[in-house]
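Below is one structure; the comments refer to it alone.
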Amino acid sequence: MPLTREKAILARMRAPEDSSSARHTVRLDGRLRRRVGARAAGLVAVAVLLGSAVSGCAGTPVPPKADKQAETVTASLTMRAALPRPTPTRIGNATPAPSWLGTRVLPVGPQGYAAAQPTPPELRNRSIITVDDLPPPADGRFHATVQAVPAGVLARSSWTKKCPIAAADLRYLTVSFRGFDGRAHTGELLANARVADDLVTVFKRLFAAGFPIERMRISSAAELNAPSTGDANTTEVFACRPVRGRKGWSQHAYGLAVDLNPFQNPYRKGKVVLPELATAYLDRAETRPGMAQPREQAVQAFAAIGWEWGGDYRSLKDYMHFSATGG
């Protein structure tokens with residue numbers, strides 16, 4: 001109904017009650033009054049918001065009442081934006097992580113380590129939606145930064161003064177990566193300063209190829225030394241630790257090695273498998289997303305900067321491992 005007609009009805013509704021015409025109009029338009037009242041309230045709210053915007057542009061002080069209403073609207077929108085959003089059940093071929101992931105500590109045997117176990121059905125073709133640790137690239141493209149390590153980042157890493165590399169010789173990298181969900185995400189790495197630019201080149205190439213990575217972040221000393229759950233899958237460079245089963249420093253402790261998708265690319269030496277639940281991925285003939293394979297994207301990308309692959313080792317297989325020195 002046109003607004004002019006609504007105004008006319010409102011005028012008749014306000015006429016003296018002893019007028020039979022007015023009473024007749026009220027009876028006919030009882031339901032319409034409620035519609036008119038609601039619409040009028042909506043128009044008032046719009047006018048308040050428009051008035052606030054115009055006053056702000058013109059430099060005219062906003063009336064206290066309008067300003068208060070505008071603040072109420074802003075607060076409501078802010079609260080709505082802060083509400084948690086439901087986790088998607090599937091993005092492409094990726095699904096949310098099982099609720100138990102990372103929570104079930106494996107028993108340590110008499111040999112001092114947890115035994116390899118069959119891979120749970122949910123992880124036999126592991127394709128998990130990435131939960132962002134850092135804001136993803138807004139444009140969905142590859143981006144990278146290289147800088148001196150901020151004090152806060154160093155504090156939450158595994159670096160201490162006992163490590164074989166000085167903090168000044170490390171660099172803090174952020175690089176885009178493609179998740180198993182097909183989306184662009186932002187990862188972080190600590191790396192030796194002399195290989196930082198080369199690593200940016202590698203991850204740019206993997207991003208362009210659509211090679212999926214589940215997670216890329218810096219681990220703390222507490223996380224490195226925590227009891228194993230056998231299902232970790234963090235891609236990272238620096239980790240201040242010795243070589244597995246030895247006392248000498250790992251190349252990770254110098255920031256000169258990368259572990260890429262450890263679950264899809266496990267370590268194996270005899271009966272030892274790391275991560276312990278990744279046994280389904282020991283069969284390298286069955287190629288699945290995220291696996292490093294000979295003559296394919298990941299191995300080629302690291303070979304292009306002169307890095308060697310642990311999948312070529314003879315005495316053991318370390319499919320996740322790439323290093324500048326071959327160690």
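Since this is a predicted model, take the numbers as computed values, not measurements.
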> According to the interplanar angle, ranging from 0 to 90°, do the rings of W307 and F302 count as parallel (below 30°), tilted (30 to 60°) or perpendicular (above 60°)?
Replying inline: tilted
Would you check if [X] and [Y] make a side-chain contact, meaning some heavy-atom pair closer than 4.5 Å?
| X | Y | value |
| --- | --- | --- |
| L189 | I218 | no |
| I305 | V202 | yes |
| M216 | T234 | no |
| L282 | P266 | yes |
| H321 | V258 | no |
| L256 | V237 | no |
| P212 | S127 | no |
| R284 | Y319 | yes |

In this structure, are over 12 heavy atoms from other groups packed under 6.0 Å from [X] atom [atom1]?
| X | atom1 | value |
| --- | --- | --- |
| R90 | CZ | yes |
| R217 | CZ | yes |
| N93 | CG | no |

> Under a single-linkage rule joining Ile, Leu, Val, Met, Phe, Trp and Tyr whose side-chain heavy atoms are separated by less than 4.5 Å, which residues share a cluster with V243?
Replying inline: none
> Apart from L316 itself, which Ile, Leu, Val, Met, Phe, Trp or Tyr residues share its cluster (side-chain heavy atoms under 4.5 Å, direct or through members)?
Replying inline: Y113, Y267, V272, L274, Y313, M320
> Got a sec, which residues hit salt bridge (charged side-chain N to carboxylate O under 4.0 Å, His left out) with E296, two or more places apart in sequence or on another chain?
Replying inline: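 Listed in chain order: nothing, the list is empty.
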> By salt bridge (charged side-chain N to carboxylate O under 4.0 Å, His left out), which residues pair with E236, not counting sequence neighbours?
Replying inline: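 Partners of E236 by the salt bridge (charged side-chain N to carboxylate O under 4.0 Å, His left out) criterion come out as none, since no residue qualifies.
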Give the minimum heavy-atom separation between [X] and [Y], together with the two atoms involved.
| X | Y | answer |
| --- | --- | --- |
| R205 | A304 | NH1-CB, 3.4 Å |
| P262 | P275 | O-CD, 3.3 Å |
| A280 | R288 | O-NH2, 3.0 Å |
| A196 | L173 | O-CD2, 3.6 Å |
| H252 | R241 | CD2-NH2, 3.2 Å |
| G102 | D231 | N-OD2, 2.9 Å |

> Residues in side chain to side chain donor-acceptor pair (under 3.5 Å) with W100, at least two apart?
Replying inline: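 Expected list: E122.
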>> Holding to side chain to side chain donor-acceptor pair (under 3.5 Å), I want the full list of residues that pass it with D133, two or more places apart in sequence or in another chain.
In response: R215
>> Quiz question: by atom type and distance under 3.5 Å, do the side chains of T130 and E214 form a donor-acceptor pair?
In response: no
> Would you say the side-chain atoms of T325 and Q251 include a donor-acceptor pair closer than 3.5 Å?
Replying inline: yes
>> I need the L260 CG to L206 CG distance, nearest 0.5 Å.
In response: 6.5 Å
> Out of curiosity, R314 CZ to D312 CG, how far, rounded to the nearest 0.5 Å?
Replying inline: 9.5 Å
>> Please list all pairs meeting salt bridge (Lys or Arg N to Asp or Glu O under 4.0 Å) that have one or both residues in residues 317-327, counting only residues at least two apart or in different chains.
In response: R244-D318
> Which residue pairs pass the salt bridge (Lys or Arg N to Asp or Glu O under 4.0 Å) test when at least one of the two sits in residues 93-108, sequence neighbours left out?
Replying inline: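 Of all non-adjacent pairs touching residues 93-108, none passes salt bridge (Lys or Arg N to Asp or Glu O under 4.0 Å).
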> Charged N to carboxylate O below 4.0 Å: is that the case for E286 and R124?
Replying inline: no
> According to a 4.5 Å side-chain heavy-atom criterion applied to Ile, Leu, Val, Met, Phe, Trp and Tyr, with indirect links allowed, do F238 and Y254 form part of one hydrophobic cluster?
Replying inline: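 No, separate clusters.
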>> Membership question, hydrophobic clusters at under 4.5 Å side-chain separation (ILVMFWY): are V195 and V175 in the same one?
In response: yes
> Going by the ring-ring contact (aromatic ring centres under 6.0 Å, His included) test, which pairs reach into residues 160-192, not counting sequence neighbours?
Replying inline: F177-H185
>> Can you pull out every ring-ring contact (aromatic ring centres under 6.0 Å, His included) where at least one residue sits in residues 190-228? Sequence neighbours excluded, please.
In response: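 Listed once each, the pairs are F142-F207.
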> Do any N or O atoms from the side chain of T186 and from the backbone of P135 form a donor-acceptor pair under 3.5 angstrom?
Replying inline: yes
> Does the R171 side chain pair with the main chain of A168, one donor and one acceptor, at a distance under 3.5 Å?
Replying inline: yes
>> Taking side-chain hydrogen bond (donor to acceptor under 3.5 Å, both in side chains) as the cut-off, I'd like each qualifying pair that reaches into residues 142-166, sequence neighbours left out, listed once.
In response: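 The answer is D139-H143, T145-T174, R156-E188.
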>> If you apply the rule side chain to side chain contact (heavy atoms under 4.5 Å, CB included), what do you find for L106 with Q117, and how did you get there?
In response: CA-CA 9 Å; L106 301 178; Q117 299 187 17; 3.6 Å; yes
> So which pairs with a foot in residues 264-327 pass disulfide (SG to SG under 2.5 Å), sequence neighbours left out?
Replying inline: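 As it turns out, there is no disulfide (SG to SG under 2.5 Å) pair with a partner in residues 264-327 once direct neighbours are skipped.
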>> One pair to check against side chain to side chain contact (heavy atoms under 4.5 Å, CB included): I128 and T95. What are the steps and the verdict?
In response: CA-CA 5 Å; I128 291 176; T95 55; 5.5 Å; no
